[in-house]
Student: 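So that we are looking at the same thing, I have put the structure below in structure tokens.
Naming convention: chains lettered A, B, ... in sequence-line order (proteins, then strands); numbering from 1 in each chain.
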2 protein chains.
Amino acid sequence: MPRKPNYDRNELIERSRDLFWRRGWAGTSLKDLEAVLQMKPGSFYAAFGSKDALFKLAMEKYAVDGLDRLKRLATEYGPIKALQRFPQMVIENEEAPAKACMLSKTLLELQAHNHPLAHEANLHLLKMESQFAELFEQAQSSGEIDSAYDPQVLARRYQSDLLGLRVSAEREGVDAMAIAAEIADSLTRL
Amino acid sequence: MPRKPNYDRNELIERSRDLFWRRGWAGTSLKDLEAVLQMKPGSFYAAFGSKDALFKLAMEKYAVDGLDRLKRLATEYGPIKALQRFPQMVIENEEAPAKACMLSKTLLELQAHNHPLAHEANLHLLKMESQFAELFEQAQSSGEIDSAYDPQVLARRYQSDLLGLRVSAEREGVDAMAIAAEIADSLTRL
DNA sequence: CCCTTTATTGAGCGATCACTCAAGTATATA
DNA sequence: TATATACTTGAGTGATCGCTCAATAAAGGG
């Protein structure tokens, strides 16, 4: 008996993600969302409940996609080569809404307000860090890097470097590709 | 004939800096500022002109103070030791409004809106980067590090690492001091 | 003292914020 | 086709946004 929505929910979440990623939480108004999603307020709230609820969905899609890209890279090239390629891959996409990481942007914007979305962002970052650690561990198992290192320590540092890279890539007049190459290069010396 | 203001302008700017640093640009309302500065709207606008104008002043103070701390560190310990100590110093201050860099927070928040303050933040970051490069150069002159390196390249990477560290330090459950130690340690291998 | 000049006050401006809801519309099932 | 069940519409909610300004208070110079 029901009537179907005339939109693709997944695509709406992707469009929201791109807008939130670029403009941030406070920087994205409901008018902006209505324009990009081609939805009136009533439909919007029927579909997503609130701005924050949609932001959460958008951030989840962002995190899952990032994790997927890394895993695919690891499947194709092996763990250490994946970690080497990832930084460059992440900043070279000209079509991406922003160079900086959506999770870190959200964290920095909302952490001081104790906003639940900041905590959510940190959880996604932790998941990513675990995946980094797993790849370092695999690289040790296959003898690609010295097994004396603690994979968790390597992952922690790698993620910090990646976050720094992506902030730098957001700046004008900074050769981020060169930094990415340096990060990749430093992994060959493990 | 005139009447003197009954406040210390410099202190007001410092209090504003702390609030802006912690809460960000959009996250700080005029009500917040009025509360912290103990000023009514009229006085506020007579004194500073606008929220953005005060933010600019606050950011300048932030940048100048940061530069000063680095320079004092270099005078006391020498260039390379200063660069080694700086990361730890920057994240260990518990009284600071935030661990993350105010300039990077401003850049990430406002860059996508082409807000003048984002450009301003980048200029301050460039100045800081120049100071890093100068210290690396001094370290080369005194033979502390290999002179084959390009000081600008070292400075670019150092600043990126520092920005990453400070984002990481903002997170819960991340041992930022360990990352700071690693950054410092990597400078001994130059 | 008076007078000029500036600082301070606080009610309130228009604009925008996230969001609501009653009314209208489309669709799958009976 | 009739009906039930959603989805869609868009004017409009109260709250908050950055900010203005006329009125008042205070402090120097004469």
Student: Could you go step by step and tell me if A/Asp161 and A/Arg157 meet the salt bridge (charged side-chain N to carboxylate O under 4.0 Å, His left out) rule?
Tutor: CA-CA 6 Å; A/Asp161 287 355; A/Arg157 178 68 198 280; 3.1 Å; yes

Student: Which of the following nucleotides, D/dT8, D/dC17, C/dT8, is nearest to the side chain of B/Lys31?
Tutor: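 Closest nucleotide among those given: D/dC17.
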
Student: Would you mind telling me which residue lines up with the more 5' stretch of DNA chain C, A/Asp32 or A/Gly49, judged by nearest nucleotide?
Tutor: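 Residue closer to the 5' terminus by nearest nucleotide: A/Asp32.
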
Student: In whole angstrom, give the distance that lies between atom CG of A/Leu30 and atom C1' of D/dT13.
Tutor: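 Atom-to-atom, A/Leu30 to D/dT13, this comes out as 14 Å.
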
Student: To the nearest angstrom, how far is A/Leu54 atom CG from C/dA18 atom C1'?
Tutor: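 Taking atom C1' of C/dA18 as the reference, CG of A/Leu54 is at 13 Å.
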
Student: Does the structure place the NZ or CZ of A/Arg85 under 6.0 Å from the centre of the six-membered ring of A/Tyr77, at an angle of no more than 45° from the ring's axis?
Tutor: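 Yes, a cation-pi geometry.
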
Student: What nucleotide, of D/dT8, D/dA11, D/dC19, holds the atom closest to the side chain of B/Pro41?
Tutor: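 Comparing D/dT8, D/dA11, D/dC19 against the side chain of B/Pro41, the answer is D/dC19.
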
Student: Using a heavy-atom cut-off of 4.0 Å across all strands, would you classify B/Phe48 as base, sugar-phosphate, or nothing?
Tutor: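 Nothing, no heavy atom under 4.0 Å.
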
Student: Is there a side-chain polar atom (N or O) of A/Asn6 under 4.0 Å from OP1 or OP2 of D/dT8?
Tutor: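 Yes, A/Asn6 has a side-chain N/O under 4.0 Å of OP1/OP2 on D/dT8.
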
Student: Rounded to the nearest angstrom, tell me the gap between atom CG in A/Asp52 and atom C1' in C/dC17.
Tutor: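 A/Asp52 atom CG is separated from C/dC17 atom C1' by 13 Å.
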
Student: Roughly, in whole Å, what's the span from CZ in A/Phe44 to C1' in C/dT20?
Tutor: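 In whole Å, C/dT20 C1' lies 13 Å from A/Phe44 CZ.
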
Student: Can you name the one residue among B/Glu14, B/Arg17, B/His124 that meets side-chain contact (heavy atoms from CB on, under 4.5 Å) with B/Tyr62?
Tutor: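 With B/Tyr62 as partner, B/Glu14, B/Arg17, B/His124 yield a single side-chain contact (heavy atoms from CB on, under 4.5 Å), made by B/Arg17.
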
Student: Please tell me which of the listed nucleotides, D/dC19, D/dT9, C/dT8, lies nearest to the side chain of A/Lys40?
Tutor: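 Among the listed nucleotides, the one closest to the side chain of A/Lys40 is D/dT9.
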
Student: Using heavy atoms to find the nearest nucleotide of DNA chain D for B/Ser29 and B/Lys4 separately, return the residue whose nucleotide is more 5′.
Tutor: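 Upstream on the strand: B/Ser29.
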
Student: Nearest whole Å is fine: how far is D/dT16 P from B/Leu33 CG?
Tutor: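 Distance, rounded to whole Å: 17 Å.
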
Student: Just N and O in the side chain of A/Tyr45: are any of them under 4.0 Å from OP1 or OP2 of C/dC19?
Tutor: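 So the side-chain polar atoms of A/Tyr45 do come within 4.0 Å of the phosphate oxygens OP1 or OP2 of C/dC19, strictly under.
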
Student: Rounding to a whole Å, what distance do you find between B/Leu19:CG and D/dG18:P?
Tutor: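 Rounded to whole Å, this separation is 11 Å.
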
Student: Just the rounded figure in Å: distance from C1' of C/dA11 to CD of B/Glu34.
Tutor: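 Going from B/Glu34 (CD) to C/dA11 (C1'), I get 12 Å.
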
Student: Taking only Lys NZ, Arg NE, NH1 and NH2, and the carboxylate oxygens of Asp or Glu, determine whether A/Arg171 and B/Glu129 approach each other closer than 4.0 Å.
Tutor: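 Judged by the 4.0 Å cut-off on N to carboxylate O distance, A/Arg171 and B/Glu129 do form a salt bridge.
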
Student: Does A/Lys51 put a side-chain nitrogen or oxygen below 4.0 Å from OP1 or OP2 of C/dA18?
Tutor: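 Checking C/dA18 against A/Lys51, a side-chain N or O does come within under 4.0 Å of OP1 or OP2.
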
Student: What is the separation between atom CG on B/Leu37 and atom P on C/dT9, rounded to the nearest whole Å?
Tutor: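 For the pair B/Leu37 CG and C/dT9 P, the rounded distance is 12 Å.
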
Student: Verify the ring-centre separation between B/Phe132 and B/Phe136: is it less than 6.0 angstrom?
Tutor: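 Centroid separation for B/Phe136 and B/Phe132: 6.0 Å or greater.
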
